[in-house]
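Below is one structure, written out as structure tokens; comments come after it.
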Amino acid sequence: TYLKKNNLEKENFVRIDSIAVKYSINEILSYNLSSIFKAMIYGITKNIFTPTFLDMTYWFNWEKTSFSATKGKSFLEQSKNFLLENKENNFFIFFIVTFCVLLVSRMLEFYGFLSYFKKDVMLSIYFLLIISYFLILIGPIGHAKYRIPFEFIFSVYLSITIKKILIFGERFFKK
């Protein structure tokens, strides 16, 4: 009914779709390759290091400025400006503590990746490809909620590191 009402046929949709694809490709190619690469790196960094609790601020109605709207040329500069703009709130302390915990956990996950890579190279490469796929797929968007598909892999590597710490602790305290 909609097609007949607007005098559109299925063939027109295919033609319109191909025009949209060509336009999108031409638009992407008009940008400088380095600016696309910078946007991808920025989004990937933001995706990996943005604390997941930022979504909780909406649930609890905490007053804060938008991280995405915060000015800054790099992720670190934007993070610094974000903290300075929100330093009056209790949110500021919560953010610092959570960000530090996140940074430490990412380092522990990386250690778990490196230590497990020696044991099972193929599985580690497979996990790395899954993580890379989702990071490239979401590219410059960069938000913590898009980290869900590969967060379980980070948890596995964090568990490997925790297990190594516990084994080291047992050996250390048995002496």
Side-chain angles (χ1 to χ4, degrees), residues 8 10-58 64-87 91 95-96 98-158 160-161:
L8 297 172
K10 291 180 182 178
E11 294 81 27
N12 288 342
F13 283 120
V14 172
R15 186 177 56 80
I16 291 170
D17 189 47
S18 66
I19 291 171
V21 167
K22 287 179 186 175
Y23 174 78
S24 299
I25 290 172
N26 288 335
E27 193 66 26
I28 289 171
L29 293 175
S30 70
Y31 287 102
N32 190 354
L33 187 61
S34 66
S35 63
I36 294 172
F37 183 72
K38 286 178 187 176
M40 292 291 286
I41 295 298
Y42 176 78
I44 288 170
T45 306
K46 186 176 174 187
N47 191 354
I48 291 175
F49 291 108
T50 300
T52 8
F53 79 87
L54 283 178
D55 288 332
M56 290 177 20
T57 59
Y58 298 108
K64 69 168 187 60
T65 59
S66 169
F67 186 84
S68 298
T70 306
K71 294 181 181 177
K73 293 182 180 180
S74 69
F75 179 75
L76 292 176
E77 183 179 344
Q78 191 176 10
S79 297
K80 180 191 78 161
N81 292 337
F82 179 76
L83 290 174
L84 291 175
E85 290 175 11
N86 293 293
K87 68 180 178 182
F91 169 74
F95 181 84
I96 292 292
T98 308
F99 192 77
C100 290
V101 167
L102 178 75
L103 199 57
V104 168
S105 71
R106 289 292 181 244
M107 288 189 298
L108 293 174
E109 290 161 1
F110 186 68
Y111 176 77
F113 171 76
L114 292 178
S115 64
Y116 191 73
F117 192 82
K118 297 173 188 173
K119 290 183 181 180
D120 193 347
V121 175
M122 292 306 290
L123 186 62
S124 296
I125 289 174
Y126 178 70
F127 281 165
L128 192 60
L129 287 174
I130 290 173
I131 293 169
S132 300
Y133 169 76
F134 283 106
L135 286 175
I136 290 170
L137 184 70
I138 55 179
I141 296 173
H143 197 283
K145 64 184 172 188
Y146 299 117
R147 196 171 55 225
I148 293 171
F150 55 86
E151 192 66 41
F152 78 94
I153 297 172
F154 288 159
S155 299
V156 167
Y157 289 131
L158 182 62
I160 290 169
T161 303

How far does CZ of Phe110 sit from CZ of Phe154, to the nearest 0.5 angstrom?
11.0 Å
Heavy atoms from other residues, nucleotides or ligands near CZ of Phe37 exceed 12 (cutoff 6.0 Å)
no
So CG of Leu158 and CZ of Phe113: to nearest 0.5 Å the spacing works out to 15.0 Å
Please round to the nearest 0.5 Å and tell me the distance separating atom CG of Leu114 and atom CD of Glu109.
12.0 Å
Would you list the atom pairs, donor with acceptor, under 3.5 Å between side chains in residues 115-131 and any protein atom, with sequence neighbours excluded?
from   : atom 1 : to     : atom 2 : distance (Å)
Ser115 : OG     : Tyr111 : O      : 3.2
Ser115 : OG     : Gly112 : O      : 3.1
Asp120 : OD1    : Leu123 : N      : 3.3
Ser124 : OG     : Asp120 : O      : 2.9

What distance separates Leu137 CG from Ser132 OG, expressed to the nearest 0.5 Å?
12.0 Å
